[in-house]
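What follows is a short report on a single structure.
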Amino acid sequence: MRTLVRDILKSESEVGDILAQGWVRTRRDSKAFSFIELNDGSCLANVQVIADATIPGYEESVLKIQTGASVSIKGKLVASSGGKQKWEIHATEVEVLGHSHDDFPLQKKGHSMEFLRSIAHLRPRANLFGAVFRVRSRMAYAIHQFFQERDFIYVHTPIITASDCEGAGEMFRVTTLNGEQISAGKDEEDFFGKKTYLTVSGQLEGETFACALSNIYTFGPTFRAENSHTSRHASEFWMIEPEIAFCDLDADMQLAEDLVQYLVSDALEHCAEDLAFFGKFVDKGLFERLEFVKSRAFERVSYTEAVEILEKSGKKFEFPVKYGHNLQSEHERFLTEEHFKCPVTVYNYPKEIKPFYMRLNDDDKTVAAMDLLVPGIGEIVGGSQREERLDLLKANMAKHDLNEEDYSWYVDLRKYGTVPHAGFGLGFERLLMFVTGVANIRDVIPFPRVPGSAEF
RNA sequence: UCCUCUGUAGCUCAGUGGUAGAGCGGGUGGCUGUUAACCACUAGGUCGUUGGUUCGAAUCCAACCGGAGGAGCCA
């Protein structure tokens, strides 16, 4: 039976009979034998295989192996006499399952991230990407664990939607109409009998379930048709959106902070080898930052206080700081990277700059909104307490020029047994960037979709 | 949508007006318990495309195409 390289390397004793299968990273020949570095993706490290020239078919199989070939190796696990590894396999049989080729694009030396993106089907075989996607998998697991441990119910909100959440953000149209029919506006002849889109958020649908099951979360793909060209934006990304009934903004912020700390701790505990690789080759300050986030309370500051801090900072910003305006990226970065030097939650924003569903505070000027900012990335979480009072919600919809009929089901939640509730959205890829130190969102998602590019 | 940078061998890059280069990768040979192995030889390029300036353009100019970064919007 096959043993994964991860388990082979953790072995506590020699093994007389072992089967390893994977892809060859490199081969080095000696006069009487060859070294094969075998990787199967189960961990970052390779297992070294010694293939003696006397094994059957040595010249036809082993000496023809090129980087990238898939092989099946039987042999003995023995203590290595070389310095750099504890164990190695002395092969008794090497079967090449699939040969590689001269032009296999992944080399042992450094490649640019741009080049690796162009071979997204092969880049998981590179150390960096293997590590990224193992961490991605672990973080997805830890997210479910976090919420399930706290009695949250996982809800699958729709991917095709007829509602335009937040009334903002460009959406991808989903249609079976042809160009002429679209121009003629024959939406009623479309597949669903109306205009439909790919979801930009599961929040509104999530609220309906929170107002029945109390604590829920969604975790799935989200789509934005915005023409954003930055290292932090993708057209298709994954988002985690909890929604909690009988909950106010304070508890909402606490949950977001707990979640981020939980995930960082989980990564430190379960992805140590991969994180060490990132710490060495991607982001020298990674461990310092993660340990800091794990152990220290996050800062909290109201929007009003944040504006005061920025005004008093004496720092010259490209865009002026002004109460009533959104915080610019440079302002957010100053707060989290220079002023507090740790993650910081900014809350209670002016009502004018926030969407219709956020709860109006007693000051009648601000809404119970919050953004969690982290060094290096900026906003990683955005959330709010939702407006649960029917009259105020309706008034706010009118102010935002929203058609009440389009949101009748959303309004119904306030009509029938309304409760205070709150929630937030956590960008999964942004979290991964924070945890791995990888600087570009395109490199933490398997097949990135960005404006002008949907390869593979 | 706006601003900035960038495009030279399979990959990573040097070359800034005068015969197209290195390292790695590939091939061949050698050597070695090697480990981003080492040594020698070798193949490999319409310098993103088109046009212009010039005796002469990878190099200067323009447009276009591709890639990247930033802003806005947000996750």
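Below, chain A is the first sequence line, B the second, and so on; all start at residue 1.
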B:A36 OP1/OP2 closer than 4.0 Å to side-chain N/O of A:Lys84: yes

Nucleotide of B:A75, B:G69, B:A37 approaching A:Thr26 most closely (side-chain heavy atoms): B:A37

Whichever of A:Asp103 and A:Ser80 has its nearest RNA chain B nucleotide further upstream toward 5': A:Asp103

Side chain of A:Ser329 (C-beta onward), nearest among B:A71, B:U35, B:U1: B:A71

Residue of the set A:Glu114, A:Met433, A:Arg117, A:Glu429 for which side chain to side chain contact (heavy atoms under 4.5 Å, CB included) holds with A:Asn440: A:Arg117

B:C73 OP1/OP2 closer than 4.0 Å to side-chain N/O of A:Ser228: no

Nucleotide paired to B:G7 in any strand shown, Watson-Crick or G-U, under 3.5 Å: B:C65

Electrostatic pair A:Asp443-A:Arg123, nearest N-O below 4.0 angstrom: yes

Members of residues 230-239 of chain A that approach RNA chain B, where some heavy atom sits under 4.0 Å away: A:Thr230, A:Ser231, A:Arg232, A:His233, A:Ala234, A:Phe237, A:Met239

A:Asp258/A:Arg150 salt bridge by N-O under 4.0 Å criterion: no

Any strand: nucleotide that pairs with B:A71 via Watson-Crick or wobble, under 3.5 Å: B:U1

A:Gln66 vs B:G27: side-chain N/O to OP1/OP2 distance below 4.0 Å: yes

Any A:Arg28 side-chain N or O less than 4.0 Å from OP1/OP2 of B:A36: no

Phosphate OP1/OP2 of B:C74 contacted by A:Asn326 side-chain N/O (<4.0 Å): yes

A:His144, NE2: over 12 other non-hydrogen atoms inside 6.0 angstrom: yes

Candidate nucleotides B:U35, B:A71, B:C31, ranked by approach to the side chain of A:Lys31 - the nearest: B:C31

N/O (side chain, A:Ser81) to phosphate O (OP1/OP2, B:G33) under 4.0 Å: no

Candidate list A:Ile8, A:Thr3, A:Asp17, test side chain to side chain contact (heavy atoms under 4.5 Å, CB included), partner A:Leu77, passing option: A:Ile8

Sugar-phosphate, base or nothing in reach of A:Ile240, heavy atoms under 4.0 Å: nothing

Residues within residues 373-387 of chain A bordering RNA chain B, heavy-atom distance below 4.0 Å: A:Glu379, A:Ile380, A:Val381, A:Gly382

Any N/O donor-acceptor pair, A:Glu88 side-chain to B:G33 base, under 3.5 Å: yes

Side-chain donor/acceptor of A:Gln85 to base of B:U34, under 3.5 Å: yes

Side-chain N,O (A:Arg117) to OP1/OP2 (B:G66) below 4.0 Å: no

Test: A:Arg300 and A:Glu257 ion pair at under 4.0 Å: yes

Contact residues, residues 131-144 of chain A to RNA chain B [heavy atom, < 4.0 Å]: none

Which nucleotide in B:U35, B:G69, B:C11 has an atom nearest any side-chain atom of A:Gln48: B:U35

Side chain of A:Phe33 - closest among B:G67, B:G33, B:C11: B:G33

Neighbour count >12 (heavy atoms, 6.0 Å) for atom CZ, A:Phe209: no

